[in-house]
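Read through the structure below, which is laid out as structure tokens, and then see the notes.
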Amino acid sequence: MRYGARQALSGLDLEVGFGEVVGILGPNGAGKTSLLRLLCTGRLPSGGTLVILGHPVSPSSRSLVSLRRQIGIAGDEAVHTDALTGQENLEFFAQLGGLERAAAQARGRAILSRFGLDSDADRPVAHYSLGMRRKLLLAQALVHDPRLIILDEPTTGLDKAGRDALRSMLRERAASGAAIVLASNDPLEPQRVCDRVIFLHKGRVILAGKPDELIARLGASEPVEIRRPDLADVFLAATGAELVPDSRFALRNSPS
């Protein structure tokens, strides 16, 4: 996949199963957001094959509208209307996702309650705090019970209650058969909710596996010399390690 002259993703082979939660990790510029845009059909690939929910996606696809109704996405930009209440925003997105009005109303109330926003459901969003807006954005992605859920940094700005509620809902959605993909800069978050983790660097997969397996493989407390500084951030994110000054290098640079 290319943006202008820059190749955002290359040689990437990814399959997400129904009932699976996959975490995408990597430093800024690794290609996480580009991958999510592909999965939600916000961008189309310049090469390769993209199949979403069993439907091949291409510029000539005629089923994009019906396909998008089965996708729920929460990115880093607000998509709600400030003049409407939280409940009205959710009803709007639920009906866009194909729910009838009565079902949309019920689903909106239920998911606002899960996020602790039931007492604010009938307040205009203009009066919501940043944390409340973040919860509403996530609620909009989940309210129509999508088969594919795509979340970009979903726990950013959430309090503990919000994070717990989100994780609980994601586990429930996965158990009911939804496919879930989330991108994060927090190496601890995938351990709590993901079945599989993929590390991206410069648009390529450099590491993949189950969280426990990766921790066991990479978690040994031993000195590691990184000869490629551009990979240092990826390694630290994958292992939770810390950079420790090596006295040998300090001595090497000391006056004799």
Side-chain angles (χ1 to χ4, degrees), residues 16 18-21 36-37 39-42 52-55 61-183 192-193:
V16 181
F18 292 113
E20 185 179 25
V21 184
L36 297 190
R37 286 175 178 166
L39 295 179
C40 72
T41 73
I52 299 177
L53 301 176
H55 299 279
S61 297
R62 297 182 178 179
S63 59
L64 282 183
V65 173
S66 60
L67 180 61
R68 286 168 178 163
R69 287 181 174 175
Q70 302 178 68
I71 299 174
I73 179 167
D76 56 2
E77 297 180 1
V79 293
H80 44 253
T81 301
D82 283 357
L84 298 179
T85 67
Q87 173 67 17
E88 289 168 340
N89 271 282
L90 283 189
E91 289 179 21
F92 174 74
F93 278 90
Q95 290 182 75
L96 279 183
L99 272 64
E100 298 293 336
R101 184 174 182 181
Q105 290 175 339
R107 292 279 300 172
R109 294 285 177 187
I111 199 166
L112 283 173
S113 179
R114 293 289 297 273
F115 275 115
L117 294 176
D118 41 338
S119 61
D120 299 289
D122 297 318
R123 292 178 61 198
V125 175
H127 300 295
Y128 279 24
S129 67
L130 291 178
M132 293 165 66
R133 288 170 181 261
R134 186 62 185 174
K135 291 177 181 178
L136 180 62
L137 182 65
L138 293 165
Q140 289 168 178
L142 301 172
V143 68
H144 58 297
D145 201 16
R147 298 179 65 203
L148 173 60
I149 300 169
I150 302 168
L151 308 176
D152 194 0
E153 301 289 347
T155 58
T156 298
L158 294 185
D159 54 19
K160 183 181 184 302
R163 293 193 299 270
D164 290 344
L166 176 63
R167 291 168 190 147
S168 177
M169 282 186 276
L170 292 183
R171 293 188 191 99
E172 292 170 8
R173 298 301 173 88
S176 67
I180 302 171
V181 180
L182 62 89
R192 302 184 179 104
V193 71

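These numbers were taken from a predicted model, which means no experiment stands behind them. The first residue in the sequence is number 1, and the count goes up from there.
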### Task
Quick one: pull up CG in Leu112 and CG in Leu136 and give me the separation to the nearest 0.5 Å.
7.0 Å
### Query
How far apart are the closest heavy atoms of Gly75 and Leu137, and which atoms are they?
O-CD2, 3.3 Å
### Message
Is any side-chain heavy atom of Val181 closer than 4.5 Å to one of Ile149?
### Response
no
### Message
In the structure I gave you, are the side-chain heavy atoms of Leu96 and Arg69 within less than 4.5 Å of one another anywhere?
### Response
no
### Query
Where is the tightest heavy-atom contact between Leu166 and Pro154, given as atom of each residue plus distance?
CD2-CB, 3.6 Å
### Query
Under the 3.5 angstrom rule, does the side chain of Arg123 hit a backbone N or O of His127 as a donor-acceptor pair?
yes
### Task
Verify the distance criterion only: is there a donor paired with an acceptor across the side chains of Gln87 and Glu91 at less than 3.5 Å?
yes
### Task
Decide, yes or no, whether a salt bridge links Glu172 with Arg114 under the criterion of side-chain N to carboxylate O below 4.0 Å.
yes
### Query
Backbone N or O of Ile71 within a donor-acceptor pair of the His144 side chain at under 3.5 Å?
yes
### Query
So, the side chain of Gln95 versus the backbone of Phe92: is there a donor-acceptor pair under 3.5 Å, distance only?
no
### Approximate separation, where rounding is to 0.5 Å, of Arg173 CZ and Ile180 CD1
8.0 Å
### Query
Can any side-chain N or O of Asn89 pair as donor or acceptor with the backbone N or O of Thr81 at less than 3.5 Å?
yes
### Task
May I ask you to test the Leu151-Leu170 pair for a side-chain heavy-atom distance under 4.5 Å?
yes
### Message
Do Ile111 and Met169 make a side-chain contact, defined as non-hydrogen atoms from C-beta onward lying under 4.5 Å apart?
### Response
yes
### Message
Quick check for you: to the nearest 0.5 Å, what is the distance between Glu77 atom CD and Asp152 atom CG?
### Response
10.0 Å
### Message
To the closest 0.5 Å, what do you measure between CZ (Arg68) and OG1 (Thr41)?
### Response
3.5 Å
### Message
For the CD1 atom of Ile52 and the SG atom of Cys40, what is their distance to the nearest 0.5 Å?
### Response
8.0 Å
### Message
Show the nearest heavy-atom pair for residues Leu36 and Ala183, with the distance to one decimal.
### Response
CD1-CB, 3.8 Å
#### Entry: Sequence-distant partners of Asp118, salt bridge (Lys or Arg N to Asp or Glu O under 4.0 Å), two or more places apart
none
### Heavy-atom side-chain contact between Leu84 and Pro124 under 4.5 Å
no
#### Entry: Side-chain donor/acceptor of Arg147 to backbone N/O of Ala178, under 3.5 Å
no
### Query
So which heavy atom on Val79 is nearest to which on Phe93, and how close?
O-CZ, 3.4 Å
### Message
Minimum heavy-atom separation for Arg107 and Leu142, please, with both atom names.
### Response
NH2-O, 3.4 Å
### Query
Charged N to carboxylate O below 4.0 Å: is that the case for Asp82 and Arg133?
yes
### Task
Please examine the side chains of Leu148 and Val16, heavy atoms only from C-beta on, and report whether any two atoms are closer than 4.5 Å.
no
### Task
Run the numbers on Asp76 and Arg134 for salt bridge (charged side-chain N to carboxylate O under 4.0 Å, His left out), then give the verdict.
CA-CA 9 Å; Asp76 56 2; Arg134 186 62 185 174; over 6 Å; no
### Task
Taking all heavy atoms of Tyr128 and all of Asp120, pick out the closest pair and write down the distance.
OH-O, 2.6 Å
### Query
To the nearest 0.5 Å, how far apart are CZ in Phe115 and CG in Asp159?
10.5 Å
### Query
Can you find a pair of side-chain heavy atoms, one from Gln105 and one from Arg109, that are under 4.5 Å apart?
no
